[in-house]
Chemist: 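Here it is, the structure in full.
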There are 2 protein chains.
Amino acid sequence: MRALTAIEEADIRERLSAIAPLSPKTWAAVRALGARSSLDKGGFFSRPQEPATRFAIVLSGLLRHYYTDARGRESVKAFRGPLELSGPYAELIQGRPSRTFIEALTPVELFVFRYADVDAAAQTSLELSLLLRRFGELQFVAKEQREYEFLQLSAEERYQQIRGRFAELMQHIPQHQIASYIGITPVALSRIRARLGRKR
Amino acid sequence: MRALTAIEEADIRERLSAIAPLSPKTWAAVRALGARSSLDKGGFFSRPQEPATRFAIVLSGLLRHYYTDARGRESVKAFRGPLELSGPYAELIQGRPSRTFIEALTPVELFVFRYADVDAAAQTSLELSLLLRRFGELQFVAKEQREYEFLQLSAEERYQQIRGRFAELMQHIPQHQIASYIGITPVALSRIRARLGRKR
DNA sequence: TTCAGTTCTTAACCCGGGTTAACGAAGGGC
DNA sequence: GCCCTTCGTTAACCCGGGTTAAGAACTGAA
């Protein structure tokens with residue numbers, strides 16, 4: 001368990017500052033609550049049934065958030081790359097056991113927090129409270145964007161959206177997982193790609 | 001502009017208390033920031049282009065949140081009934097102009113807040129800050145539920161879900177708006193209803 | 001190297017939902 | 001009363017995506 005490098009530390013701090021104002025004091029407190037951790041490719045940061053207790057900032061690598069239904073069909077909720085936050089967020093804030101798989105698609109370095117620690121610290125810190133609030137708000141905006149994509153875009157358009165958004169990370173993501181993310185089968189995505197290839 | 005009745009006041013207070021702890025002092029502050037207001041059937045609480053400044057607790061009646069795309073096609077994001085919160089939330093928290101129509105499907109009574117007032121008050125109140133945070137978190141959970149419905153349920157299953165959830169309010173909602181909410185056309189919903197009628 | 005598992009593609013077939021159009025019913029506005 | 005719009009239904013036709021199956025390319029482990 002190595003310590004954070006100076007660069008990583010600066011990156012994290014900048015990332016959090018972009019969400020809400022972060023005084024040196026608050027930053028020191030937050031930093032003290034986190035711990036570096038890593039995952040091998042294929043490892044899990046969260047699994048269903050486990051108590052949901054932790055979230056993390058991705059330092060490097062790529063994670064996939066997904067769940068399975070009763071018949072075992074997977075649905076991908078999100079991909080998370082460097083300097084994004086990862087964790088079974090809905091379950092953390094509801095105090096429920098995880099229903100989410102969070103899997104490392106590549107080797108991953110994380111800076112991990114126990115949600116209870118941060119939540120407790122926010123009880124006495126307006127700044128931290130605001131940070132958690134803004135974070136929740138951003139998560140909401142992202143999900144509303146996703147709602148928009150399902151309501152108004154075709155599968156082909158959704159594919160082109162994600163293609164723009166994850167451009168460089170996409171080579172690490174198997175296509176059937178991208179298909180699941182946009183709500184179609186791997187076969188359908190393959191057809192869409194063939195269609196697009198013919199056009200351009 | 002009538003004042004709140006004792007019953008309305010108790011209802012609102014209870015509703016907010018269910019989101020986060022609400023001391024008498026904070027409740028008094030919140031209450032002082034709100035103002036009663038009403039809308040005729042067909043009136044709008046929010047329209048695209050307007051600055052997004054207000055949100056409200058519904059005292060009675062039913063609202064619809066929707067937007068239109070470039071080709072003018074409507075998509076319904078939500079319906080809001082008594083004691084639910086309504087407003088162009090994503091735009092409020094991002095400080096952007098509204099992109100959302102919020103329309104009264106029936107005559108509506110509201111208790112209205114200026115977002116800036118509440119936000120400012122939260123800068124000095126941990127309790128209020130927590131309230132806003134929890135509210136955002138609940139909004140997120142609701143949208144994630146909706147994501148689940150699009151990823152794993154068929155249109156027919158989505159219809160049955162909403163049927164359970166809005167049971168009594170549904171007679172005030174035209175069917176083509178329900179169709180839009182679940183992401184299909186009115187014609188398709190009519191077919192689904194015919195299918196279901198034949199079965200049961 | 002061989003065998004198995006994974007990933008992606010393509011084809012064939014089916015079905016759900018989109019589109020357009022026609023029709024009847026209900027509800028305002030005059 | 002009448003008209004006009006909105007609403008819901010049904011039918012016909014088309015197309016996108018689901019399903020199943022087969023095969024090719026690649027990877028990794030024994």
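A quick note: this is a predicted structure, and the numbers were derived from the prediction, not measured. FYI, side chains are in, hydrogens and waters are out, and symmetry mates aren't considered; it's all heavy atoms of this structure. A, B, ... follow the sequence lines: proteins, then strands. Residue 1 opens every chain.
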Chemist: Could you check if a side-chain atom of Ser23(B) sits within less than 4.5 angstrom of a side-chain atom of Glu127(B), using non-hydrogen atoms only?
Modeler: yes
Chemist: Within this structure, what is the CG-to-P distance between Leu196(A) and dG16(D), rounded to whole angstrom?
Modeler: 12 Å
Chemist: Going by the side chain to side chain donor-acceptor pair (under 3.5 Å) test, name the single residue among His65(B), Arg64(B), Arg80(B) that passes it with Ser86(B).
Modeler: His65(B)
Chemist: Does the plane of the ring in Phe113(A) sit parallel, tilted or perpendicular to the ring in Phe55(A)? Use 30° and 60° as the thresholds.
Modeler: parallel
Chemist: Please report, rounded to the nearest Å, how far the C1' atom of dC7(D) is from the CD atom of Glu74(B).
Modeler: 14 Å
Chemist: May I ask you to check if Arg146(B) and Tyr181(B) form a cation-pi contact, with NZ or CZ under 6.0 angstrom from the six-membered ring centre and within 45° of the axis?
Modeler: yes
Chemist: Using a strict heavy-atom distance below 4.0 Å, which residues from residues 173-182 of chain A are in contact with DNA chain C?
Modeler: Pro174(A), Gln175(A), His176(A)
Chemist: What is the separation between atom CD1 on Ile192(B) and atom P on dC15(C), rounded to the nearest whole Å?
Modeler: 16 Å
Chemist: Assess whether atom CD of Gln123(A) is packed by more than 12 heavy atoms of other residues, nucleotides or ligands within 6.0 Å.
Modeler: yes
Chemist: Quick check on dG17(C): is either OP1 or OP2 less than 4.0 Å from any side-chain nitrogen or oxygen of Arg195(B)?
Modeler: yes
Chemist: Using whole Å, what does the distance between atom C1' of nucleotide dC8(C) and atom CE of Met170(A) come to?
Modeler: 14 Å
Chemist: Fit a plane to each ring of Phe79(B) and Phe166(B), take the angle between them on a 0 to 90° scale, and name the class: parallel (under 30°), tilted (30 to 60°) or perpendicular (over 60°).
Modeler: perpendicular
Chemist: Expressed in angstrom and rounded to an integer, what is the separation of Leu151(A) atom CG from dG17(C) atom C1'?
Modeler: 15 Å
Chemist: Any idea how Tyr66(A) and Phe44(A) line up, ring-wise: parallel (<30°), tilted (30 to 60°), or perpendicular (>60°)?
Modeler: tilted
Chemist: My understanding is that only one of Glu156(A), Gln152(A), Glu157(A), Arg158(A) makes a side chain to side chain donor-acceptor pair (under 3.5 Å) with Ser154(A); could you say which?
Modeler: Glu157(A)
Chemist: Please enumerate all protein N or O atoms sitting under 3.5 Å from an N or O of nucleotides 18-29 of chain D, with distances to 0.1 Å.
Modeler:
from, atom 1, to, atom 2, distance (Å)
dG18(D), OP2, Thr185(A), N, 3.0
dG18(D), OP2, Thr185(A), OG1, 2.8
dG18(D), N7, Arg191(A), NH2, 2.7
dG18(D), O6, Arg191(A), NH1, 2.9

